[in-house]
Amino acid sequence: MRAVQIVELTGPDTALALSEVPDPSSPPEHPLSPGSGVLVEVHAAGVSFPEVLQTRGEYQLKPPLPFVPGSEIAGVLREAPEGAALRPGDRVAAFCALGGWAELAVAPEFLTFALAPQLDYAQGAGLILNYHTAYFALVLRGRLTEGETVLVHGAAGGVGTAALQVAKGLGARTIAVVSSEAKQKVAERAGADAVVRSDGPWKDEVREISSSSSSSSSSGGGGGVDLVLDPVGGDRFTDSLRSLNEGGRVVVVGFTGGAIPEVRVNRLLLSNTEVIGAGWGAYAMARPELCRDIGKALEPLIESGAVAPIVGARFPLDRAAQALREIDERRAMGKVVLDVR
């Protein structure tokens, strides 16, 4: 089968090679579910920031070279273990951790879900990593409740658009932070109630916008959001803390901006606010039932139309390096996808 491999750790431009590699063994087996797995005929594969890091050897998961990257796939189920809810021929979206940038890939059964008829394969390839992360961060870690106001950084990217849609679907008010007019349009398409620009006085604008929200009344009239979801990090983090109302939470999901911020904890003390980590990956991988529960929680949001992954740039398999550059150079709007078939 055809697959893209990382053959050296020199960055997106030179680390990849399109190769012919052996098909997965039958019956399929995945390291996250020893002794079992599902085999998927891949039609579309997601491209995410971890793959950028993997091309430089900077991600925590460091398989020996060469290896096939790609954690998210959508396609047609070929093989499944006995007793599985899904059957060969079903359209599915799956998280495979590695091996997704290929014509065939193996995923654990507990991270393979039926792909709703209203979603296409490209949308399916942007479903699990981003939307499970968004739900985990907003609900399970951030304790989001209906009527609260959520500020989302990086709101035009994959996690950002997912967070906007999930928050809106759960009855929250959403404010998006973006860096350009084009990204503003993407955030609005994802359902943002208000959009502010990161190159402007966004903190003050957020406090003004949120002051009209009834859920922010605990801030004493000065405005402020209940929850900030931050996949970016960097120098805007302090202003994220300042954007909170009393009792607000900043949920950290990543550092695509490069710099890892530091927190002056006196800010948390004085305003009774929180900084919360939301690392979905390793936590969820060890808890199959959690993965199934999040998948089930997202089903009504998909059926209602609240969740519909926004697909951005699409590339054929042999242009995977260009797909990575979209993310590495902060141009990505929506989910970047490889069309495998």
Side-chain angles (χ1 to χ4, degrees), residues 130-179 181 183-198 200-232 236-237 239-253 271-276 278 294 297-298 300-310 333-334:
N130 290 335
Y131 285 84
H132 282 232
T133 294
Y135 188 90
F136 177 75
L138 292 169
V139 179
L140 301 183
R141 298 294 292 145
R143 308 186 304 277
L144 177 67
T145 59
E146 184 177 359
E148 289 192 312
T149 299
V150 179
L151 176 69
V152 179
H153 287 286
V159 172
T161 53
L164 289 172
Q165 291 184 353
V166 170
K168 284 283 289 183
L170 295 172
R173 186 186 189 198
T174 56
I175 305 173
V177 184
V178 299
S179 60
E181 183 176 345
K183 290 184 177 183
Q184 177 174 341
K185 292 178 181 178
V186 173
E188 290 170 343
R189 182 181 165 198
D193 293 305
V195 182
V196 296
R197 289 282 292 272
S198 60
W202 62 268
K203 173 182 66 70
D204 297 330
E205 293 170 352
V206 165
R207 295 195 69 88
E208 182 178 351
I209 293 166
S210 59
S211 66
S212 64
S213 171
S214 60
S215 72
S216 298
S217 59
S218 63
S219 61
V225 301
D226 301 289
L227 193 151
V228 175
L229 187 133
D230 186 7
V232 179
R236 67 179 71 175
F237 192 81
D239 278 345
S240 289
L241 289 172
R242 291 169 174 158
S243 301
L244 293 173
N245 66 25
E246 186 175 358
R249 296 88 69 198
V250 174
V251 182
V252 179
V253 297
S271 54
N272 288 300
T273 52
E274 301 173 55
V275 176
I276 302 169
I294 294 176
L298 290 173
L301 300 181
I302 296 171
E303 290 172 4
S304 71
V307 163
I310 294 176
M333 292 182 281

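Starting from 1, each residue takes its place in the sequence as its number. Just so it is clear, the values below take in all heavy atoms, side chains as well, and ignore hydrogens, waters and symmetry mates.
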Q | Counterpart residues, salt bridge (Lys or Arg N to Asp or Glu O under 4.0 Å), relative to K203 (two or more places apart) | A | none

Q | E148: which of R173, R249, R143 passes salt bridge (charged side-chain N to carboxylate O under 4.0 Å, His left out) | A | R249

Q: Return the minimal non-hydrogen interatomic distance between A163 and L229, and the atom names on each side.
A: CB-CD2, 4.0 Å

Q: Using a 4.5 Å cut-off on heavy atoms from C-beta on, say whether the side chain of V196 contacts that of I209.
A: yes

Q. Got L151 and L244 here, is their nearest side-chain heavy-atom distance under 4.5 Å?
A. no

Q) Going from NE2 on H153 to CG on D230, what distance comes out if it is rounded to the nearest 0.5 angstrom? A) 5.0 Å

Q) With a 4.0 Å cut-off, would you call R242 and D239 a salt bridge? A) yes

Q) Roughly how far, to the nearest 0.5 Å, is the OG atom of S243 from the CZ atom of R236? A) 11.0 Å

Q. Closest approach of L164 and A155, non-hydrogen atoms and distance?
A. CD1-O, 3.7 Å

Q. Any side-chain heavy atom of V150 sitting closer than 4.5 Å to one from D226?
A. no

Q: Locate the shortest heavy-atom distance separating T174 from G191; write the atom from each residue and the value.
A: OG1-O, 3.3 Å

Q.
Just verifying a value: how many Å separate H132 NE2 and L140 CG, rounded to the nearest 0.5 Å?
A. 11.0 Å

Q. Where is the tightest heavy-atom contact between T149 and S210, given as atom of each residue plus distance?
A. CG2-CB, 4.5 Å

**Q.** Minimal non-hydrogen separation, V166 against Y131, with atom names
**A.** CG2-CD2, 3.8 Å

Q: Give, for atom CD of E188 and atom NZ of K185, the distance between the pair rounded to the nearest 0.5 Å.
A: 9.0 Å

Q.
Are T273 and V250 packed together at the side-chain level, in the sense that at least one heavy-atom pair is separated by less than 4.5 angstrom?
A. no

(Q) In the structure I gave you, are the side-chain heavy atoms of I175 and E205 within less than 4.5 Å of one another anywhere? (A) no

Q. Quick one: does R189's side chain get under 4.5 Å of M333's, heavy atoms only?
A. no

Q: Answer whether the closest heavy-atom distance between the side chains of L298 and L301 falls below 4.5 Å.
A: yes

Q: Verify side chain to side chain contact (heavy atoms under 4.5 Å, CB included) between V252 and F237, making sure each step is shown before the conclusion.
A: CA-CA 10 Å; V252 179; F237 192 81; 3.7 Å; yes

Q: Mind checking the CG-CG spacing from N245 to L227? Nearest 0.5 Å is all I need.
A: 10.0 Å

Q. Hey, is the main chain of N272 close enough, under 3.5 Å, to the side chain of E246 for a donor-acceptor pair?
A. no

Q | Taking every non-hydrogen atom, the tightest pair across R197 and W202 | A | O-CB, 3.5 Å

**Q.** Heavy-atom side-chain contact between L241 and V275 under 4.5 Å
**A.** yes

